[in-house]
Number of protein chains: 2
Amino acid sequence: MPAKSPTGAFARAQAKGEEALRTAMLDIAAGLLAAEGPAALSMRRLATAADCSTTVLYRLFGAKDGIAAALYREGFARLRRRLDAVPRGGDPAAYLAALGRAYRANALEEPHFYRVMHGEAIPGFVPDEESRAAAAASLDVLREAARAAVEAGLLRADADVDEITDTLWAAAHGVISLELGGHFPGGLGEERFRVLTRAAVEAFVP
Amino acid sequence: MPAKSPTGAFARAQAKGEEALRTAMLDIAAGLLAAEGPAALSMRRLATAADCSTTVLYRLFGAKDGIAAALYREGFARLRRRLDAVPRGGDPAAYLAALGRAYRANALEEPHFYRVMHGEAIPGFVPDEESRAAAAASLDVLREAARAAVEAGLLRADADVDEITDTLWAAAHGVISLELGGHFPGGLGEERFRVLTRAAVEAFVP
DNA sequence: TATTGTTGAGTAACGCTGTTATTCAACGAG
DNA sequence: CTCGTTGAATAACAGCGTTACTCAACAATA
């Protein structure tokens, strides 16, 4: 095998145009993040992993913030896919509970991603408006589930759907954030998670 | 004034022994954190602000983690003082609401501290068991308020006090964390905060 | 075909970070 | 007076984000 043959992920994706290159680079970054945590997300480390120089990264993402933003959006996109994949059975209450479990599972299976999605991990990063809108849109299916539950008479008819949605999101995120922060010694478990989040649902039961 | 005269905060505290020195250094760190954010918390910056070398910091705190741990505990100590200062009027429900407002006010007035307290801000820092125990103890007054509310018959008698406490904490923290993350465009306001956290209380009302 | 202009990547540097080995000054004990 | 200890400063190491400079490869033009 000739030494000059391009074998890196960078060279392989380079032939397919800039967009493919960006995607490939983001894949590498996501892999690095999931495997080794946010500390491994340095420009040099990333360039080495992709077999290229840091210049390429700056052309593709502008700066490190660009990579952080891409990972932020990727994290919420994964969450969205995860939530969308939850089967909506006939029972709206069971569906809401399943969404909660899926949300938590997504967070715990890739905690580094969850931390990036909530401002931790990458020091100076603040998502722009568009990214935050995309993040909020990841919860569309939750909002729909809340609406369905109201219309099915399972939740109070006079309750605001947005209020329900935000309450549920905050409750789930709050518990998971404290769990990741180590504030529940010995972990939490699905049952305890259900207990600590059920108030957010039950308060809206007529 | 002779140039050799010790005028820095370091020199001033040095005369009072090691513990005073540590306290003074922590004060400087807390000021730097509150004023300029976690990015300003570098060993060199801190040493410069205290008019000493970085060596002193390593003797006092071991490593940067030591400073992070100290700020973590300081943040929760401030929270505790804040919550303890809330006047407990006769009405347990109003007291619980006031505790919630105080918790949020504390977080929003010094958001950098709140971020340090919840793992953000200082990349690699993970609090040890003792620090986390102290953090949990900051909420003792909330636990007491929950117990009082149960005993007053305001909350369900069969409800577990720890369950109520954790539910309230997670609800408040979840809303505030999302608020700091920019997920409520245009901010939140006390009224909206009350709305989004009231489910955590109302679910326990008999 | 020869020349020019453009695009894109690599190198090396700047100033910053956390950390520590080395050096040196001050002080108390013998 | 000398010795040992304590504690602070200096300077160095590797790594960080970022970018100015350099050069090679290719397209367009004369």
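Residue numbering restarts at 1 for every chain, and letters A, B, ... go by the order of the sequence lines.
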Asker: For A/Glu74, is there an ion pair with A/Arg81 - N to carboxylate O distance below 4.0 angstrom?
Answerer: yes

Asker: Measure the distance from CE on A/Met43 to C1' on C/dC16 and round it to the nearest whole Å.
Answerer: 16 Å

Asker: Assuming nearest nucleotide by heavy-atom distance, tell me which of A/Thr54 and A/Arg59 is located more 5' along DNA chain C.
Answerer: A/Arg59

Asker: Could you state the CZ-P distance from B/Arg44 to D/dA9, rounded to the nearest angstrom?
Answerer: 14 Å

Asker: Taking only Lys NZ, Arg NE, NH1 and NH2, and the carboxylate oxygens of Asp or Glu, determine whether B/Arg88 and B/Glu144 approach each other closer than 4.0 Å.
Answerer: no

Asker: May I have the distance from A/Asp51 (atom CG) to C/dG10 (atom P), rounded to whole angstrom?
Answerer: 9 Å

Asker: So what does B/Leu41 hit on the nucleic acid, given a heavy-atom distance under 4.0 Å: a base, only sugar-phosphate, or nothing?
Answerer: sugar-phosphate

Asker: Nearest whole angstrom, please: distance from the P of C/dT20 to the NZ of B/Lys64.
Answerer: 14 Å

Asker: Does B/Phe125 offer a backbone N or O that forms a donor-acceptor pair with the side chain of B/Lys64 under 3.5 Å?
Answerer: no

Asker: What integer distance in Å separates B/Leu57:CG from D/dT10:P?
Answerer: 14 Å

Asker: Under 4.0 angstrom, heavy atoms only, what part of the nucleic acid is B/Ser53 near: base, sugar-phosphate, or nothing?
Answerer: base

Asker: Within the 4.0 Å heavy-atom criterion, would you say A/Thr55 contacts the bases, only the backbone, or no part of the nucleic acid?
Answerer: base

Asker: In this structure, how many angstroms lie between the P atom of C/dT19 and the OH atom of B/Tyr58, rounded?
Answerer: 4 Å

Asker: Using atom CG of B/Leu21 as one end and atom P of D/dT6 as the other, report the distance to the nearest whole Å.
Answerer: 17 Å

Asker: Look at the side chain of B/Arg198 and the backbone N and O of B/Phe193, then say whether any donor-acceptor pair between them is shorter than 3.5 Å.
Answerer: no

Asker: CG of A/Leu46 versus P of D/dG17: gap in Å, rounded?
Answerer: 9 Å

